[in-house]
K.L.:
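The structure under discussion is supplied below as structure tokens; questions concerning it will follow.
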Amino acid sequence: MPETSDQREQRLEKLTALRAAGVEPYPARFSCTHSVAQALHVFTSSEGSAESPVVRTAGRIMSIRVMGKASFAHIMDGSGRIQIYIRQDEVGEQAYEFFLKMFDLGDFIGVEGPLFRTRTGEITIRVQSFQMLAKALRPLPEKWHGLTDVELRYRQRYLDLLANERVRRTFITRTRIVSAIRRFLDERGFLEVETPILQPIYGGAAARPFVTHHNALDCDFYLRISDELYLKRLIIGGLERVYEIGRDFRNEGISTKHNPEFTQIEVYQAYADYHEMMRLTEELWSTVAHEVLGTTTITYQGHEINLTPPWRRWPMREAIKEATGIDIAIHTDLESLRQQIQERRLELDIKPTWGKQIEELFKEYVEPNLIQPTFILDYPLDISPLAKKKPDAPGLVERFEFFIGGLECGNAFSELNDPLEQRERFEMQWQQLQEGDAEAHPMDEDWIRAMEYGMPPTGGLGFGIDRMTMLFTDNPSIREVILFPALKPKSGE
RNA sequence: GAGCCGUUAGCUCAGGAUGGUAGAGCACCUGCCUUUUAAGCAGGGAGUCGCGCGUUCGAGUCGCGCACGGCUCACCA
């Protein structure tokens with residue numbers, strides 16, 4: 001083998017040599033009797049009996065230690081990692097030489113042989129025969145430090161998953177969370193449904209959409225910013241408990257808490273109100289935590305957080321009053337609210353409406369301190385065009401958001417089901433759109449028409465699966481819980 | 001969009017204030033080694049120092065611009 005500098009070149013030469021020797025480096029199949037985890041288990045449970053079990057298993061070579069006429073290696077499959085032991089006198093001189101010359105870290109190998117325990121106590125396969133299952137042409141990340149370069153980890157997530165056990169666990173947990181949510185809702189009679197991602201009018205949230213074009217129809221579509229208005233059409237249609245887990249798209253800045261595409265669940269239940277949705281929320285989160293993590297206490301960024309119901313219910317009015325001294329039930333117009341902010345010398349951006357100003361006040365002075373699970377109740381009407389008015393509370397709606405670990409996790413309300421009022425709300429939004437608010441809700445005549453056929457009282461809830469996963473896996477950035485987070489393409493690629 | 005920081009071998013990182021032949025560990029190649037496990041020992045190969053322009057006799061190092069990334073802020077139900 002000529003010496004070349006490039007490891008890929010060297011491996012390509014091995015590939016050629018394999019084929020020249022009549023060995024297919026990418027065979028179609030290899031039948032295993034055991035996964036790696038099963039092999040370990042079968043040995044443990046048979047230890048002490050006369051015959052040691054023979055297994056046939058496969059995996060990726062993660063380390064090799066050559067000691068002359070015998071070698072050790074570790075192989076890894078999806079279930080775990082096991083050591084293999086290859087001896088020249090066991091497999092023959094030629095086969096042993098073949099192993100040394102042709103196999104590299106990263107290659108997939110199939111092995112067969114009895115299990116034993118080494119002098120240091122590690123369960124090991126004593127290889128009697130082995131086979132190349134797939135040749136790797138590029139070297140793996142470093143075995144000790146793994147892969148730490150954040151950009152490489154995101155752009156080549158497969159390497160991150162290979163090298164970093166914690167990352168693997170995070171994404172397995174994410175999948176289990178979603179399964180547990182489905183189980184929870186299915187058991188309670190909710191139907192999982194699918195609604196359009198390409199929508200002629202976007203809505204259900206305040207956000208700027210992505211626009212795309214349909215060639216055959218020659219018209220623009222928006223990628224949905226939420227599922228809300230379609231799911232509520234299903235409520236009108238008599239599907240009284242529905243949910244959807246799916247991707248939403250918002251054309252906004254990227255941060256540790258925002259990815260332009262993210263996964264949200266939305267749940268709607270006829271004849272429920274927002275109090276009912278609070279009970280559903282705390283029940284769901286604590287049940288899922290218990291199923292996935294085995295506990296309802298999580299640790300997030302150094303905070304111990306208890307998800308056991310009931311969670312704190314805190315009206316926004318009281319929260320703001322406690323944090324700033326301002327009573328929004330007294331200062332019910334923008335002018336007097338601003339005056340209060342000025343008098344108290346609060347550092348705050350100026351917002352164009354009463355509701356937005358309150359929201360700003362809340363975000364600045366209350367939200368960062370909401371570590372234990374908290375429902376914040378009763379939001380300003382002008383930032384909630386789809387929620388039902390709260391009786392005897394002018395300017396407020398029956399809406400809550402919930403916060404855990406300082407993260408805004410979800411949003412819910414008693415759904416507005418009065419079609420005439422819905423029209424007025426949209427007209428208010430249209431006014432804000434005229435005044436330059438790019439996130440104001442667009443008028444949706446088709447939605448109003450649907451509601452005019454009669455919509456039962458309904459509770460609706462939405463929350464982010466990504467942020468839930470962040471909390472459950474103690475990750476501070478949303479990119480750590482999305483397999484392939486949005487990144488700018490490198491120029492030239 | 002703004003500020004700060006980062007980008008050196010396949011990977012993890014030194015070097016950079018003070019400009020003068022580009023370094024380490026892992027990985028790779030050669031040799032020795034039949035219970036090792038971050039195996040060991042001896043030897044060896046490997047670089048567009050992110051890209052471009054400039055200053056200089058000379059730039060990984062200094063200056064300017066650009067790209068990508070991270071954090072903070074802005075934006076964001």
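Proteins come first, then strands; the chains are lettered A, B, ... in the order of their sequence lines, and each starts at number 1.
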K.L.:
Less than 4.0 angstrom between a side-chain N/O of A:Thr148 and OP1 or OP2 of B:rU12, yes or no?
P.N.:
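Looking at the OP1 and OP2 atoms of B:rU12, one of them is under 4.0 Å from a side-chain N or O of A:Thr148.
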K.L.:
Donor-acceptor pair under 3.5 Å: do we get one between A:Arg399's side chain and the base of B:rA77?
P.N.:
yes
K.L.:
Using atom CD of A:Gln88 as one end and atom C1' of B:rU34 as the other, report the distance to the nearest whole Å.
P.N.:
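In whole Å, B:rU34 C1' and A:Gln88 CD are 9 Å from each other.
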K.L.:
Are the charged groups of A:Glu47 and A:Arg117 less than 4.0 angstrom apart, N to O?
P.N.:
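Salt bridge between A:Glu47 and A:Arg117, a charged N being under 4.0 Å from a carboxylate O: yes.
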K.L.:
Tell me what A:Pro476 touches on the nucleic acid: a base, only sugar-phosphate, or nothing, going by heavy atoms under 4.0 Å.
P.N.:
nothing
K.L.:
Could you tell me whether A:Arg56 atom CZ has more than 12 heavy atoms of other residues or ligands within 6.0 Å of it?
P.N.:
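Counting neighbours around CZ of A:Arg56, more than 12 heavy atoms of other residues, nucleotides or ligands fall under 6.0 Å, so yes.
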K.L.:
With a non-hydrogen cut-off below 4.0 angstrom, is A:Asp349 in contact with a base, only sugar-phosphate, or nothing?
P.N.:
sugar-phosphate
K.L.:
At 4.0 Å (heavy atoms only), tell me whether A:Leu147 reaches a base, stays on the sugar-phosphate, or touches nothing.
P.N.:
sugar-phosphate
K.L.:
Could you measure between the two P atoms, the one in B:rU21 and the one in B:rG16, and give it in whole Å?
P.N.:
14 Å
K.L.:
Mind checking the P distance from B:rU8 to B:rG15? Whole angstroms is fine.
P.N.:
14 Å
K.L.:
Could you tell me whether A:Lys389 and A:Glu421 make a salt bridge, using a distance below 4.0 angstrom between a side-chain N and a carboxylate O?
P.N.:
yes
K.L.:
Counting any heavy atom closer than 4.0 Å, what does A:Glu439 reach on the DNA or RNA strands: base, sugar-phosphate only, or nothing?
P.N.:
sugar-phosphate
K.L.:
Could you tell me whether the side chain of A:Arg65 has a donor or acceptor atom within less than 3.5 Å of a complementary atom in the base of B:rU36?
P.N.:
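Flag set: donor-acceptor pair detected.
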K.L.:
Out of B:rG69, B:rG10, B:rA39, which nucleotide sits closest to the side chain of A:Glu142?
P.N.:
B:rG10
K.L.:
Just call it for A:Tyr379: base, sugar-phosphate, or nothing, with non-hydrogen atoms closer than 4.0 Å on any strand.
P.N.:
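The answer is nothing, as A:Tyr379 stays clear of every strand by at least 4.0 Å.
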